[in-house]
Amino acid sequence: MQNLATQNGGTVQISVLGPLSVTIDGVSVTPTAPKPRHVLSLLAIHANRVVQNEAIIEELWEDNPPTSVTTTLQTYIYQLRKGLRLPAAPTVDRVGTGRAGGLRTFAGGYMLSLQPEQLDALRFERLTARGRLELESGEMARASRTLCEALDHWRGPALVDVSVGPILRSEILRLEELRKSALELRIDADLHLGRHHALLGELMGITAQQPTHEVFQAKLMLALYRAGRRSDALHAYQQARAALVNELGVDPGGELQGLHRRILAGDPALSSPGGPPRSFAIR
């Protein structure tokens, strides 16, 4: 697959992990009209996959499309090709035929062809997968670096300045969950490397923003315990329990309760950063 290049040879870069941004050789060409921005966001977040016209229509108008919806959609595609100076690909009958690269037209849909280095979401997902494998194979320092690099692609909530519909909303939720998972994995790697002191400020900020997230609460408790702050670790549990009861009407889960009991008992095994990844934090 070729890079998404303009008619003048410049390479397009698209960012969706934050405000929508499109540049050609560093110069911003981000669409300003709401509907073309919306279409581009949908095509970018489904990069290298054909997005059917029906899905685009549902995303843009849900149950109330305009009478001339096909013509309107074609106009938006034309505006994107013109604004981003993309070559028009020929209409083809099936995926896999025609010239690779660019904003391509298929029977019943469109596809934006991008390499990972051209879209931040693709780079983020690729790095997160690599970091997970490194963590599982015991390469903690490498996993921490890889996952830090993955998380650095985020500039704020995904597509924060785009009025999204149901399909994009679902994709944004998926990316946000993957972001949260990548953060959990990176903290696991850092805890394993004995970086509990350095993690305290970050974990306190995270748990203040997400007081009912039991996994992050467990990591904060463990980091505090390892830093010699046993009473603070126990207090963090009580705060987490109060938040869960007050906001969700539930008690902490068994794993968080188990960690609390081990801290109460002064379990010496909790003090060692070693052990299998992702197991020592809450069991």
Side-chain angles (χ1 to χ4, degrees), residues 16-18 121 124-125 128 131-132 135-136 143-144 147-148 150-160 164 166 168-193 195-267 269-271 273 275-283:
V16 297
L17 301 181
F124 164 69
E125 294 197 54
T128 297
R132 185 185 299 274
L135 186 68
E136 291 173 352
S144 178
L147 292 163
C148 277
L151 291 163
D152 282 346
H153 283 90
W154 286 79
R155 299 167 294 115
L159 295 172
V160 65
V164 302
L168 268 179
R169 191 174 299 115
S170 176
E171 283 296 309
I172 289 170
L173 287 173
R174 180 186 67 82
L175 286 168
E176 291 286 356
E177 286 302 313
L178 188 57
R179 179 190 192 182
K180 196 175 295 183
S181 175
L183 181 57
E184 291 177 19
L185 292 171
R186 200 225 77 216
I187 292 172
D188 280 338
D190 286 343
L191 282 171
H192 195 99
L193 292 165
R195 298 171 178 170
H196 38 274
H197 286 285
L199 286 169
L200 285 175
E202 180 183 13
L203 283 168
M204 286 177 180
I206 293 171
T207 53
Q209 293 178 346
Q210 304 181 58
T212 61
H213 195 294
E214 295 191 43
V215 173
F216 286 130
Q217 294 288 353
K219 296 182 194 310
L220 172 61
M221 290 166 59
L222 183 62
L224 286 166
Y225 184 78
R226 287 182 177 172
R229 297 170 58 177
R230 178 172 173 270
S231 61
D232 288 336
L234 294 172
H235 180 64
Y237 173 79
Q238 295 302 329
Q239 286 187 310
R241 183 180 182 278
L244 287 162
V245 170
N246 293 335
E247 296 186 27
L248 303 180
V250 298
D251 284 319
E255 292 178 327
L256 195 60
Q257 291 187 36
L259 177 60
H260 178 238
R261 287 193 295 269
R262 292 178 68 182
I263 292 174
L264 276 172
D267 187 344
L270 290 179
S271 299
R278 309 209 73 198
S279 63
F280 55 81
I282 50 180
R283 292 180 186 174

Trace of the side-chain contact (heavy atoms from CB on, under 4.5 Å) decision for Ile187 with Leu147: CA-CA 9 Å; Ile187 292 172; Leu147 292 163; over 6 Å; no
Side-chain touch His196/Asp190, heavy atoms, less than 4.5 angstrom: no
Audit row: Ile172, Glu177, side-chain contact (heavy atoms from CB on, under 4.5 Å) steps and yes/no: CA-CA 9 Å; Ile172 289 170; Glu177 286 302 313; over 6 Å; no
Side chain proximity check, Ile263 to Arg230, heavy atoms < 4.5 angstrom: yes
Side-chain ion pair, Glu125 and Arg174, N-O less than 4.0 Å: yes
Carboxylate-amine/guanidinium proximity below 4.0 Å for Arg261 and Asp267: no
Please list every donor-acceptor pair under 3.5 Å in which a side-chain atom of residues 151-158 meets a protein atom from a residue at least two apart or in another chain.
{"from": "His153", "atom 1": "ND1", "to": "Glu149", "atom 2": "O", "distance (Å)": "3.0"}
{"from": "His153", "atom 1": "ND1", "to": "Ala150", "atom 2": "O", "distance (Å)": "3.4"}
{"from": "His153", "atom 1": "NE2", "to": "Arg123", "atom 2": "NE", "distance (Å)": "3.0"}
{"from": "Arg155", "atom 1": "NH1", "to": "Pro19", "atom 2": "O", "distance (Å)": "3.3"}
{"from": "Arg155", "atom 1": "NH2", "to": "Pro19", "atom 2": "O", "distance (Å)": "2.7"}

Contact list for residues 208-233, test ring-ring contact (aromatic ring centres under 6.0 Å, His included), sequence neighbours left out: His213-Phe216
Donor-acceptor contact present, side-chain Gln217 to main-chain Ala240, <3.5 Å: no
side-chain contact (heavy atoms from CB on, under 4.5 Å) between Glu202 and Leu183, worked out: CA-CA 11 Å; Glu202 180 183 13; Leu183 181 57; 3.6 Å; yes
Sequence-distant partners of Tyr237, ring pair (Phe, Tyr, Trp, His ring centres under 6.0 Å), two or more places apart: His260
With sequence neighbours excluded, residues passing side-chain hydrogen bond (donor to acceptor under 3.5 Å, both in side chains) with Arg169: none
Any residue meeting side-chain hydrogen bond (donor to acceptor under 3.5 Å, both in side chains) with Thr128, in chain and number order, not counting sequence neighbours: none
Leu224 and Leu200, any side-chain heavy atoms less than 4.5 Å apart: yes
Residue pair Leu270 / Leu259, side-chain heavy-atom distance below 4.5 Å: yes
Partner residues of Glu247 under the side-chain contact (heavy atoms from CB on, under 4.5 Å) criterion, sequence neighbours left out: Pro211, Thr212, Ala243
salt_bridge(Glu214, Arg241) N-O dist < 4.0 Å: no
Backbone of Arg195 reached by a side-chain donor or acceptor of Arg226 within 3.5 Å: no
Verdict with supporting geometry, Leu175 and Leu17, side-chain contact (heavy atoms from CB on, under 4.5 Å): CA-CA 9 Å; Leu175 286 168; Leu17 301 181; 4.1 Å; yes
